[in-house]
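Below is one structure; the comments refer to it alone.
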2 protein chains.
Amino acid sequence: MGRSALWTAIRDTLVRDIGEGHYAPGQRLPTEAQLAERFGVNRHTVRRAIADMADQNIVFSRRGAGVFVRHIPTPYRIGRRTRFRQNLAAAGRVAERRILSLETRGASAQEAKALRLAKGDAVHVYEGISLSDGAPLALFCSVFPADRFPKILEHLTENGSVTAALAAHGVSDYTRKSTEITAKAASKTHATLLELPVGDPLLRTVAINIDSAGKPVEFGRTWFAADRVTLMTGDA
Amino acid sequence: MGRSALWTAIRDTLVRDIGEGHYAPGQRLPTEAQLAERFGVNRHTVRRAIADMADQNIVFSRRGAGVFVRHIPTPYRIGRRTRFRQNLAAAGRVAERRILSLETRGASAQEAKALRLAKGDAVHVYEGISLSDGAPLALFCSVFPADRFPKILEHLTENGSVTAALAAHGVSDYTRKSTEITAKAASKTHATLLELPVGDPLLRTVAINIDSAGKPVEFGRTWFAADRVTLMTGDA
DNA sequence: TAAGATTTGTGCGTATGTATA
DNA sequence: TTATACATACGCACAAATCTT
């Protein structure tokens, strides 16, 4: 045996092929049998290379169907000034929001604490789907104090933009106080709305946005399809 | 029906019971039948409440076994000064690192780019498991430029602390330039090492640490067991 | 709807080279 | 040196999921 394993060379070749666009995102690779013939190796050796690429989230395989190139995840910057449209524009994607529901109800304990309200105080709630280039990227649930933003649901109906709706209520700027990030497997409801298999990992962020005076203006929860996004903090 | 559904009251009661410690993390709740009797409702109503708690990651159910309270996730702060031991100490946990492997090899393309080296330049690689209160919390892989930190593996063998090992090479302080966060399902290898089921979601962070002069000193990748941790950015 | 072909997933056995004790 | 463990590679067979007809 040489200095490095045979399967690593096969992996590197396939990774280069994908990088050069011979196999586009979403497209199927040749079958394991075909690749084994192409490289003149056993099918197990090809499988070892594919397993490593799957580990690196470059491809994924579906039994009975084939091995597919993953979509390039949208980079999504999380920082003091996190804006959905700006983030997607920076990644060269077309941002879109689809409204699932708009309602007014009493705040839960968690929502009340985040917005510095009493439990049961009226809040406006905006639920929907974020799309990137037409594909579902995330589900979100934004909660606003109803007394301070009485007409926010109407503004959201028109435009969908949280930034614009807050601006219409005199909040010219807001910043993110904190973000919590967790992950969990997709439930059936999540999976259906995001068009992915049940059990696929979701990235969940919980954020509090405050105005320039430090008062909470929005409590937001978002569930990202994990294989369609990379959350980023800091410079790079 | 009153102002709110019956199952929400049952959920709130159970959540309060758990919060007050009547059911400890890892412990089993009473059976659905017992809960149904306690609340004087149908088992389906209890199931609706449990389903909501499972959605919120408060409990999880195992067919044939019961419903169990999840462990409280360790809050893990990600910022410019991210330190494993400090983070866990702040959460009141006992931090520990177990070495899986220490090796020297050529840098991959990704590693080389992050550390501003040429592909194939020698790097020291430190792989291991992070433990929180004795339970596996995360897998990590830290990569260091070999020419600048020639003896780092020996220091890591003694202590395990990256901060201490870098200090021994004259790096008194380092900061995190960036962090990327993704999620994926656990492979068999990951699952075995982290002692969780295959397919459970993992939080993956990729970080570059730089010294005070801005030179990269460490390229680190970490896979957290998602249900044992909450990543946090910002103030709160 | 059903049958059959295709494709990946899994398991077992064999053999060889490399690193470690 | 020997012995043992481990990674690599090949071959065969069948199961499970998927796609096509």
Side-chain angles (χ1 to χ4, degrees), chain A residues 1-18 22-71 135 185-188 191-192 194-201 225-227, chain B residues 63 98-108 111 120 122-129 139 141 143 146 152-154 156-158 160 184-202 221 223:
Chain A
M1 204 182 313
R3 291 192 53 83
S4 65
L6 190 50
W7 65 264
T8 62
I10 293 172
R11 175 202 57 194
D12 293 343
T13 302
L14 289 174
V15 167
R16 192 164 0 98
D17 285 354
I18 292 169
H22 293 102
Y23 307 113
Q27 200 185 332
R28 219 194 67 183
L29 294 188
T31 68
E32 293 174 352
Q34 288 170 335
L35 290 172
E37 195 182 6
R38 166 179 164 191
F39 292 108
V41 298
N42 188 273
R43 191 178 139 227
H44 283 299
T45 310
V46 170
R47 283 180 59 75
R48 182 71 183 82
I50 290 172
D52 196 70
M53 290 195 290
D55 251 21
Q56 292 180 58
N57 270 357
I58 297 167
V59 300
F60 65 96
S61 51
R62 280 173 47 213
R63 183 197 290 214
V67 178
F68 300 83
V69 180
R70 281 201 186 276
H71 287 93
S187 70
K188 191 171 179 185
T192 305
L194 288 171
E195 296 171 20
L196 45 80
V198 172
D200 262 26
D227 64 349
Chain B
R63 192 200 306 220
R98 194 172 294 158
I99 297 171
L100 285 177
S101 78
L102 294 165
E103 63 162 339
T104 304
R105 56 166 171 74
S108 73
E111 292 159 355
V123 287
H124 294 314
V125 182
Y126 171 30
E127 289 187 326
I129 306 181
L139 304 174
C141 172
V143 181
I152 201 161
L153 294 188
E154 296 157 36
L156 290 168
T157 308
E158 289 168 22
K184 68 167 293 193
S187 69
K188 192 173 178 185
T189 310
H190 289 150
T192 306
L193 291 168
L194 289 172
E195 296 171 19
L196 46 78
V198 172
D200 263 26
L202 303 180
R221 282 163 288 192
W223 290 261

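Here is the naming used below: chain letters follow the sequence lines, and residue numbers restart at 1 for every chain.
Atom pair A:Phe60:CZ and C:dG9:P shows a separation of 12 Å (rounding to whole Å applied). Atoms CG (A:Leu6) and C1' (D:dA7) sit 13 Å apart, rounded to a whole Å. Here D:dA9 presents its P atom at 12 Å from CG of A:Asp52, a figure rounded to the nearest Å. When rounded to the nearest whole Å, the span between CZ of A:Arg48 and P of C:dT10 equals 14 Å. Computed from coordinates, the A:Ile50 CD1 to C:dG9 P distance equals 8 Å when rounded to whole Å. Distance, A:Arg47 CZ to D:dC12 P: 17 Å, rounded to whole Å.
Contact detail for B:Gly160 and B:Tyr126: the closest heavy-atom pair is O-OH, 3.0 Å. Considering all non-hydrogen atoms of both residues, B:Glu103 and B:Leu153 come closest at O-CD1, 3.8 Å.
With A:Arg16 as reference, A:Thr13 is the one residue of A:Ile18, A:Leu14, A:Thr13 to meet the side-chain contact (heavy atoms from CB on, under 4.5 Å) rule.
Listed nucleotides: D:dT8, C:dG9, C:dT7. Nearest to the side chain of A:Thr31: C:dT7. Looking at the side chain of A:Arg28, the nearest of the listed nucleotides C:dT7, C:dG9, D:dT18 is C:dT7.
Panel note: side chain A:Glu37, backbone A:Gln34; no donor-acceptor pair is recorded below 3.5 Å. For B:Lys184 (side chain) and A:Asp55 (main-chain N/O), a donor-acceptor pair under 3.5 Å exists by modelled atom type. Between the side chain of B:Glu111 and the backbone N or O of B:Ser108 there is at least one donor-acceptor pair closer than 3.5 Å.
Only A:Val41, A:Asn42, listed by number, bring a heavy atom of residues 32-42 of chain A to less than 4.0 angstrom from any atom of DNA chain D.
One finds no side-chain N or O of A:Arg62 lying less than 4.0 angstrom from the OP1 or OP2 phosphate oxygen of C:dT8. Distances shorter than 4.0 Å separate some side-chain N or O of A:Thr45 from OP1 or OP2 on D:dC10. Phosphate proximity of C:dT8 to A:Arg43: absent, as no side-chain N or O sits under 4.0 Å from OP1 or OP2.
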Under the side chain to side chain contact (heavy atoms under 4.5 Å, CB included) criterion, do B:His124 and B:Val143 qualify, and how do the steps go?
CA-CA 6 Å; B:His124 294 314; B:Val143 181; over 6 Å; no

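Side-chain atoms of A:His44 stay outside donor-acceptor range of the base of C:dG9, with no qualifying N/O pair under 3.5 Å.
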